[in-house]
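Here is how names work: the chains are called A, B, and so on, in the same order as the sequence lines, proteins then strands, and each is numbered from 1. For clarity, every value in this text was computed on a predicted model and none was experimentally measured. Basis for what follows: all heavy atoms, side chains included, without hydrogens, waters or symmetry-related copies.
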Amino acid sequence: MIAGLLVPSHGMIEVAQRPVTRPLTDVGIAFQQDLLFDWRTVLGNVMLQADMRDLDRNAARAKAQILLERVGLKGFENRRPWELSGGMRQRVAICRALLHDSSILLLDEPFGALDALTRDHMNLHLQNLWMLERPTAIMVTHSISEAVFLSDRVIVFSRRPGRVVYELPIELPRPRTVEMRDASEFVRFQHQLRQAIEVPQ
Amino acid sequence: MSDLISRVVYPSLVFFVLILLWQFGAERSLFPAYILPAPSTIALRVWSTAPIMFGHAIVTTLEIMCGFVLAIFLGVFLAWMLAYVRLFNQAFYPWLVFIQVLPKVALGPLLVVWIGVGFLPKALVSFLLAFFPVMIDTLAGLKSVQRDYVFLLRSMGASRLKRFLYFELPHALPYIFASLKVAITLAVVGAIVGEFIGADRGLGYVLIVATGTMDTVLIFVALVWISILSLLLYALVCLFDRFFVSWHAAARHDQIRDAA
């Protein structure tokens, strides 16, 4: 809805003070599935963003290589998606979402299909990538620890119909580290969120 | 090594044993020569008529290629229209299926009345037989696109044309190539049958002449040429398939099997 791909049933969405009435293009999106193209290489998949937007290919390729290197995929540029693990594929998808320096990054449960340990790694990778340009990032997740680890602000939605029930600013310094997951503040944020979600009937 | 035996040696063995049995039967006159001539007789005749037959084969090949290429382009184009132009789909889909239900070979005489006995009616019958599988499979390929991919491309600001060229077409390619394997054999049938109806050259014409003169050996010669032609064209499609959709799951499966 933020990207203008679906129409809200009520209300209106504004991005940068302007109502969203048609698909936004100044966004980078990563979906639940990685949506890579099997007929393109890893680098080619990231470059799809440049091909669709007619960006300068040389500059885009250089940027793509930087992004891939940041998430530990250097040397995999010419592999095909099916040769990669699920976590690697999703990293490629996120690199693709970041290639064009958009001001908004939308992440729709991109790590939902990954196991917990891979997910923790992916969170670090994502933070790494995000720190390059620091776009406005909005992420949907079902993982409380992922939400606390990555966010400046966590917004809790209720079950259907989805309504905002709670909002929590996460005041932790960046870059956040793995050790911080066990810090008392981190655990306290997690606890607050869990209570907001599990509303006793 | 054992792989080589199972894939080359065994089928060849079956072939040679059958030919030997056939030759043996012919020499012992177990069946009359005008019904089933000896393989050696056929082989000699293939050799002696090769220059003339080659000319006929070229004519038929051109008819097939013309019909086949037309079938690819029109098949893909119609599939595209059916998939993305709703009004076209609603108005024409039933009729396109109806055309498939018609025995298209039976349209041959009509085509001859309309445009004569030249090259064109053969290519058209070939096209008529070949285009339907291409259209239906391409349509299936275009329709099996996941919605999220479309969302992704729209968020990238991709134009309609770019979405087709960069995503929908490559996505449909494995379907298209599967249909081309069916279509090429049908295109061969179409051209031959087209020549049956009225022609003065081509392999189908040779078949008709040979039947008229009860020249069984020549019938077999024509069949040998048709089989080889059909096989070569099929192999060509497979080659293109391997080249263009090497990334597809089916091709990957082959690679894994080859490596194992």
Side-chain angles (χ1 to χ4, degrees), chain A residues 1-7 15 20 22-42 44-55 60 78-84 92-94 96-110 112 138, chain B residues 76 80 84 137-138 140-180 237-260:
Chain A
M1 277 192 239
I2 295 170
L5 296 165
L6 295 172
V7 181
V15 172
V20 177
R22 41 193 245 96
L24 284 186
T25 53
D26 186 26
V27 291
I29 310 183
F31 293 83
Q32 290 175 357
Q33 289 170 288
D34 48 63
L35 303 180
L36 299 182
F37 292 2
D38 276 344
W39 54 90
R40 286 181 163 237
T41 61
V42 165
N45 266 289
V46 179
M47 288 292 287
L48 179 75
Q49 190 77 258
D51 289 340
M52 292 300 110
R53 293 173 188 276
D54 295 316
L55 302 179
N78 294 317
R79 297 295 190 85
R80 300 283 172 150
W82 73 79
E83 300 176 284
L84 271 49
V92 176
I94 291 169
R96 180 179 62 191
L98 287 165
L99 184 71
H100 55 300
D101 304 328
S102 74
S103 51
I104 304 172
L105 177 63
L106 301 176
L107 302 157
D108 180 11
E109 295 183 48
I138 301 173
Chain B
V76 172
W80 185 83
Y84 301 117
D137 283 10
T138 308
L142 292 177
K143 289 217 153 186
S144 66
V145 160
Q146 265 187 55
R147 191 187 61 164
D148 279 357
Y149 277 102
V150 178
F151 280 176
L152 177 75
L153 290 168
R154 281 172 69 184
S155 80
M156 293 178 174
S159 65
R160 192 73 209 71
L161 180 69
K162 274 197 165 178
R163 255 152 58 194
F164 181 71
L165 291 179
Y166 283 84
F167 173 59
E168 284 143 7
L169 188 63
H171 174 81
L173 264 189
Y175 296 82
I176 295 176
F177 271 102
S179 78
L180 293 190
V237 173
C238 290
L239 208 69
F240 275 104
D241 180 29
R242 281 221 161 183
F243 182 74
F244 282 109
V245 290
S246 56
W247 45 266
H248 190 245
R252 266 140 55 196
H253 181 78
D254 283 352
Q255 282 166 19
I256 291 164
R257 197 196 61 201
D258 287 351

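Using a 4.5 Å cut-off between heavy atoms, A:Leu99 does not touch chain B at all. With a threshold of 4.5 angstrom between heavy atoms, A:Asp108 does not approach chain B through any atom at all. Looking at A:Gln32, neither its backbone nor its side chain comes within 4.5 Å of chain B, counting heavy atoms on both sides. With a 4.5 Å cut-off on non-hydrogen atoms, B:Leu173 does not touch chain A at all.
A donor-acceptor pair under 3.5 Å links the side-chain atoms of A:Ser102 to the main chain of A:Gly28, judged by distance alone.
With B:Tyr149 as the aromatic partner, B:Arg163 does not meet the cation-pi criteria of under 6.0 angstrom to the ring centre and within 45 degrees of the ring axis.
Among the candidates A:Arg96, A:Arg80, A:Arg40, the residue making the largest number of heavy-atom pairs closer than 4.5 Å to chain B is A:Arg96. Between chain A and the residues B:Ser155, B:Gly157, B:Ser159, B:Ala158, the largest count of heavy-atom pairs under 4.5 Å involves B:Ser155.
Between B:His171 and B:Phe167, the angle of the ring planes lies from 30° to 60°, which puts this pair in the tilted group.
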(request) Under the salt bridge (Lys or Arg N to Asp or Glu O under 4.0 Å) rule, what do B:Asp148 and B:Arg154 come out as? Steps first, then yes or no, please. (result) CA-CA 10 Å; B:Asp148 279 357; B:Arg154 281 172 69 184; over 6 Å; no
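Using a cutoff of 4.0 Å between basic side-chain nitrogens and carboxylate oxygens, B:Arg160 and B:Glu168 are scored as salt-bridged.
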